[in-house]
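Read through the structure below, which is laid out as structure tokens, and then see the notes.
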Amino acid sequence: MSRFCNCCFKTQDVKQSPQTEESKDIMEKQPASYADGRILQIEESIDAMKKPSASNANMNHHSESEKLNHESDDLCSKPAKPTTNIILNHDFSGGIHLWHPNCCDAYVVSEETAYREGLSAKLGGRFAVVGNRKQCWQGLEQDITSRVSSGSTYTVCAWVGVSRMQGVTDVLATLKLEHEDSSVTYQFITKTSASTERWEKLQGTFLLSTMPRRVIFYLEGPSPGIDLLIRSVVVSCNSSTQSDSQRTGPFLDGDENIIQNSTFDDGLNNWSGRGCKIVLHDSMAGGKVLPMTGKYFGSTADRTDYWNGIQQEITGRVQRKRAYEVTAVVRIFGNNVTTADVRATLWVQAADVPDQYIGITHVQATDKDWVQLQGKFLINGSPSRAVVYLEGPPPGTDILLNSLVVKHAAKVPPASPPVIENPAFGVNIIANSNLSDGTNGWFSLGDCNLSVANGSPRILPPMARDSLGAHEPLSGHYILVNNRTQTWMGPAQMITDKLKLYLTYQVSAWVRVGKQVTRPQNINVALGVDGQWVNGGQVETNDETWHEIGGSFRIEKQPAKVMVYVQGPEAGVDLMVAGLQIFPVDRHHRFRQLKNHTEKIRKRDVILKFTSSTSSPLAGTYVKIRQTQNSFPFGTCISRFNIENEDIVDFFTKNFNWAVFENELKWYWTEPQQGSLNYKDADYMLNLCTSHNMQVRGHCIFWESEGAVQSWIRSLSKNDMMSAVQNRLTGLLTRYKGKFKHYDVNNEMLHNSFYQDHLGKEIRANMFKTANQLDSSATLFVNDYSIEDGTDARSSPDKYIQHILDLQEQGAPVGGIGVQGHINNPIGPVVCSALDKLGTLGLPIWFTEIDVSSNNEHVRAEDLEVMIREAFAHPAVEGVMLWGFWELFMSRDNAFLVNAEGDLNEAGKRYVALKQEWLTRAHGVINDQGEYEYRGFHGSYEVEVVATHSKEKVTKTFVVDQGEDPVVISIDL
């Protein structure tokens with residue numbers, strides 16, 4: 001492969017990296033004259049540049065540098081309205097997210113880190129460092145294809161610098177243009193002279209006369225070996241400069257509705273029925289049903305299935321990787337149905353992928369009034385056809401549509417972090433918790449009796465003690481509840497005025513039941529929040545001993561009424577409650593504790609022992625150590641449709657080293673009809689992961705939930721079903737032998753039992769045995785949910801442990817414990833308590849499907865940090881998998897880290913920051929024994945040695961494995 005250096009204009013040979021395979025194919029197709037054309041283009045652009053103005057010249061004085069360091073963000077990162085910066089993550093607040101280092105390395109540092117690493121202290125603030133540059137053209141780039149258009153003038157403003165050199169060197173802004181015929185051209189934008197002394201402003205403009213297939217903006221230029229430093233980049237276009245043809249071209253502006261004849265003013269033009277007829281109305285039911293707005297509305301007729309509805313094709317008017325907002329006004333009519341779910345769905349057809357049905361949103365519609373339906377969607381690939389339609393009500397019930405709007409979704413400004421005054425961490429909000437004043441402050445929920453008795457534990461429940469630390473002992477008094485005639489009867493308190501929004505509260509208590517029990521009883525600490533039930537913790541007991549109950553909750557909307565109560569045992573069973581605690585937790589105090597645990601568990605002392613064949617002394621030689629990869633597995637689920645989006649793939653490959661397929665390996669995907677096998681999608685995704693050196697979990701071979709079992713399996717006889725199960729095992733495990741490091745053998749066995757019910761208890765162990773025989777290299781996991789949060793008595797850690805022991809007693813080679821991690825309001829000690837119990841089995845624990853949800857992204861970030869820090873600090877946990885990261889492609893609302901169009905939110909930034917925190921950097925000098933010592937995280941490293949006498953740099957790589965004793969690594973220079 002060849003590439004052209006902007007500073008010396010000669011062909012360079014470049015070592016191929018995985019990111020440049022496509023570029024290699026394109027470059028090899030160029031004619032011999034291509035190099036001359038590229039050089040001429042650059043030379044002409046440079047000749048045309050204006051000389052620096054007086055004001056720019058003045059900026060070179062050192063007296064101005066401090067001012068510039070403070071003003072650069074205002075000058076570049078905040079363009080004046082109505083311009084919009086098309087560069088995403090322009091100030092590197094999200095790390096290197098959406099930026100690509102081109103055949104080199106890049107990372108983001110703070111001012112403090114810059115000082116430690118020997119970068120110029122004069123270049124303050126957060127900035128990107130582009131290093132390990134072997135060629136002048138190597139730098140940092142970003143794909144801006146979807147955010148630029150032809151005929152518009154764009155202004156570039158960036159603040160740049162360099163390190164590790166004397167004097168000045170040029171930094172250039174360039175466009176790489178990939179055309180429809182696969183040719184590639186380069187468009188020079190501007191350049192500036194940069195130094196190690198101060199930030200320099202790089203300014204210029206560009207215009208695209210025609211729109212190529214792909215547009216990549218990048219910064220380049222300094223000589224090989226010199227680090228390029230970038231503080232911020234702004235590329236903006238004043239919307240008023242765009243022509244009318246641009247605004248009304250095939251892809252419409254955000255203010256334009258891509259639905260044609262959206263209010264039926266032109267009759268039924270552009271509309272059609274999906275499996276049914278459609279009709280135009282100005283009224284229905286003798287004038288009882290009138291349009292909400294306008295003169296007309298459309299409706300379906302003769303619907304015979306749930307998916308029948310009214311539709312419009314939007315092919316050619318919808319753009320990939322662009323978020324659209326859908327708003328419709330709907331109601332239902334007929335067939336004696338008064339309420340029904342109306343759904344907006346997008347049907348997408350594209351080459352080489354299955355048809356996709358994207359659920360946009362739904363609303364409960366009635367036959368009495370018009371209601372508004374609102375939602376969002378995004379298309380990742382390049383559709384050959386796209387149709388939006390309404391569906392959902394039962395057959396015979398018509399869907400009425402008054403209007404439909406589909407337009408580019410406006411960006412929602414990020415929420416501010418919640419302001420919580422006087423959080424009173426650790427203070428119990430339950431009145432008279434120790435019952436020193438009888439039952440004052442308590443009342444009975446329902447017609448039951450409350451009294452105070454003595455004989456309960458005098459110590460705090462362990463999970464509360466872990467949060468609160470040293471605390472006064474309990475009184476030994478408890479509330480006895482008898483005469484219970486309903487399961488929900490128990491002691492209660494009103495706590496409305498004691499709660500603060502967005503604070504996470506821990507729930508803790510001792511509970512037990514009376515002597516009347518004949519079978520296991522559930523006990524639940526519940527909250528009634530404006531009539532809605534909130535689970536504060538749950539435990540199951542079948543004896544007369546005290547049990548710890550623990551959980552959590554958070555209120556994110558101002559309630560009118562909140563009541564806490566304890567409930568659950570069957571009618572007639574006495575309930576006992578002692579030491580109920582509800583208190584806000586100081587998560588950051590816990591984080592500080594976890595950092596100490598992490599230092600012990602995830603780091604190791606390292607001794608680098610240097611030798612040299614030369615006679616030059618090594619003592620005093622400067623060494624710089626940089627960790628390139630932490631070996632701890634951080635992964636995520638992906639789907640076949642998502643990886644059509646280059647931005648999603650970019651975030652995925654940069655920020656994770658493990659993967660799991662969301663659906664594409666499940667039996668209902670690989671064999672939807674008996675004998676009709678589909679491994680194409682799984683093969684494609686596996687190849688992507690392999691090409692990026694990612695390990696992959698196999699999820700899942702079977703799923704015990706009946707709702708996830710194909711109808712053809714449910715209709716089989718016992719013998720035929722047994723044969724189908726064996727065929728599934730043989731087909732999957734033989735095809736992918738050695739390819740998947742883990743398998744979730746039978747998903748969610750604590751909560752479901754389809755195969756066990758139909759094939760007998762021994763089928764579960766047999767699944768494990770057969771899978772191990774077919775692929776002994778794979779670790780076989782159990783996998784279930786609500787293990788770690790205290791909210792589900794069916795899946796408590798104790799139940800999970802017993803479940804695993806039962807499987808092992810039947811000979812099942814269970815090799816790992818999967819804890820899904822779909823959690824609300826996580827509390828560190830509650831999560832850790834579950835991990836401690838599961839850790840007694842001696843099996844590796846993985847969080848397999850983590851997602852956290854909050855409508856405030858700052859709170860979501862904190863929830864995510866709780867889960868990841870608890871996992872990383874626990875010795876039994878060997879890996880973490882997130883259940884997605886991109887908006888509109890996650891199973892839970894308000895759980896995403898990256899919004900639909902690629903902006904990192906606070907949760908995403910927190911994840912990236914944690915990954916950076918767990919990369920070790922160190923520097924110093926070799927001692928008289930030829931050694932350099934440090935303590936670092938496990939993983940891959942690069943050490944750079946600078947010879948004292950010649951200033952020559954030597955770079956070596958090494959790996960720090962897990963272990964308790966110091967590791968000695970010999971490095972021959």
Side-chain angles (χ1 to χ4, degrees), residues 339 363-364 415 418-435 437-452 464 478-479 481 483-509 511 522-539 549-569 571 575-585 789-792 823-827 830 853-856 859-860 863 893-894:
T339 63
V363 70
Q364 197 70 18
V419 177
I420 304 171
E421 296 181 356
N422 302 317
F425 293 127
V427 177
N428 188 9
I429 65 173
I430 295 297
N432 190 24
S433 175
N434 62 7
L435 305 172
D437 194 17
T439 59
N440 280 348
W442 297 89
F443 62 90
S444 60
L445 187 63
D447 189 16
C448 57
N449 296 329
L450 306 185
S451 59
V452 175
Y478 65 90
I479 295 178
V481 189
N483 270 344
R484 299 177 62 256
T485 59
Q486 301 288 338
T487 59
W488 48 265
M489 290 184 177
Q493 280 196 23
M494 301 303 300
I495 58 172
T496 313
D497 297 335
K498 299 178 181 180
L499 296 174
K500 295 180 183 291
L501 295 186
Y502 291 107
L503 260 184
T504 304
Y505 289 86
Q506 183 170 345
V507 178
S508 184
V511 294
N522 280 315
I523 303 176
N524 168 232
V525 177
L527 292 101
V529 182
D530 291 340
Q532 298 294 315
W533 176 74
V534 174
N535 191 347
Q538 193 169 3
V539 69
I549 192 167
S552 64
F553 69 90
R554 182 171 57 233
I555 307 297
E556 297 193 356
K557 293 181 180 179
Q558 186 61 53
K561 179 180 177 183
V562 181
M563 175 180 65
V564 60
Y565 58 104
V566 186
Q567 60 160 0
L575 171 63
M576 307 172 197
V577 181
L580 178 61
Q581 306 271 322
I582 296 181
F583 55 90
V585 290
D789 59 8
T791 62
D792 191 339
I823 192 170
N824 295 315
N825 329 309
I827 298 289
V830 177
S853 177
S854 172
N855 62 19
N856 186 292
V859 177
R860 190 186 318 159
D863 282 354
D893 292 336
N894 298 318

>> Minimum heavy-atom separation for I549 and G537, please, with both atom names.
In response: CD1-O, 3.5 Å

> If we only count heavy atoms from C-beta on, is the K500 to P584 side-chain gap below 4.5 Å?
Replying inline: no

> For residues D447 and N483, is any side-chain donor paired with an opposing acceptor at under 3.5 Å?
Replying inline: no

> Between W442 and L580, is a side-chain contact (heavy atoms from CB on, under 4.5 Å) present by the stated rule, with each step listed?
Replying inline: CA-CA 12 Å; W442 297 89; L580 178 61; 3.8 Å; yes

> Under a 4.5 Å cut-off applied to non-hydrogen side-chain atoms, are I429 and L499 in contact?
Replying inline: yes

> Quick one: CG on L527 to OH on Y505, what's the gap to the nearest 0.5 Å?
Replying inline: 11.0 Å

>> What verdict does the side-chain contact (heavy atoms from CB on, under 4.5 Å) test give for V859 and E556, after you've listed the backbone C-alpha separation in whole Å, the side-chain angles of each residue and the deciding distance to 0.1 Å?
In response: CA-CA 10 Å; V859 177; E556 297 193 356; 4.2 Å; yes

>> Please report the interatomic distance CG(D497) to CD1(I495), rounded to the nearest 0.5 Å.
In response: 10.5 Å

> Do you know the tightest heavy-atom contact between I582 and N428?
Replying inline: N-OD1, 2.9 Å

> Judged by atom type as modelled, is there a donor-acceptor pair below 3.5 Å linking the side chain of N535 to the main-chain atoms of T791?
Replying inline: yes

> Which atom pair, heavy atoms only, marks the closest approach of A526 to W533?
Replying inline: CB-NE1, 3.2 Å

> V481 pairs by side-chain contact (heavy atoms from CB on, under 4.5 Å) with which of P491, S451, S444?
Replying inline: P491

>> Pairing donors with acceptors under 3.5 angstrom, does anything connect the side chains of N524 and Q538?
In response: no

>> Please find the pair of heavy atoms, one from M563 and one from F443, that lie closest to each other, and give the distance.
In response: SD-CZ, 3.7 Å

> Given the rule in the side-chain contact (heavy atoms from CB on, under 4.5 Å) test, do Q581 and Q506 qualify, once you have shown the distances and angles that lead to the verdict?
Replying inline: CA-CA 8 Å; Q581 306 271 322; Q506 183 170 345; over 6 Å; no

>> Ignoring hydrogens, what is the shortest heavy-atom contact between Y565 and A492? Give both atom names and the distance.
In response: CB-CB, 3.7 Å

> Pick from N856, I555, V419: which one makes a side-chain contact (heavy atoms from CB on, under 4.5 Å) with Y502?
Replying inline: N856

> Can you tell me if D893 uses its side chain to pair, donor with acceptor, with the backbone of S853 under 3.5 Å?
Replying inline: no

> Heavy-atom distance under 4.5 Å between the side chains of T485 and C448, does that happen here?
Replying inline: no

>> Nearest 0.5 Å, please: how far is CE in M576 from CD1 in I479?
In response: 12.5 Å

> Looking at OH of Y478 and CG of L575, how far apart are the two atoms once the value is rounded to the nearest 0.5 Å?
Replying inline: 11.0 Å

> Should I523 and V566 count as side-chain neighbours, where that means a heavy-atom distance under 4.5 Å?
Replying inline: yes

> To the nearest 0.5 Å, what is the distance between CG (L501) and NZ (K557)?
Replying inline: 11.5 Å

>> Can you tell me if N440 has over 12 outside heavy atoms packed within less than 6.0 Å of its CG?
In response: yes

>> Quick one, M489 with L445, criterion side-chain contact (heavy atoms from CB on, under 4.5 Å). Give me CA distance, side-chain angles, the key distance, then yes/no.
In response: CA-CA 5 Å; M489 290 184 177; L445 187 63; 5.8 Å; no

>> Please give me the minimum heavy-atom distance between T487 and Q567, naming the atom from each residue.
In response: O-CB, 3.6 Å

>> Check whether D530 reaches the backbone of P559 with its side chain - one donor and one acceptor, N or O, closer than 3.5 Å.
In response: no

> Atom CZ of R554 and atom CG of D863: how far apart are they, to the nearest 0.5 Å?
Replying inline: 4.0 Å

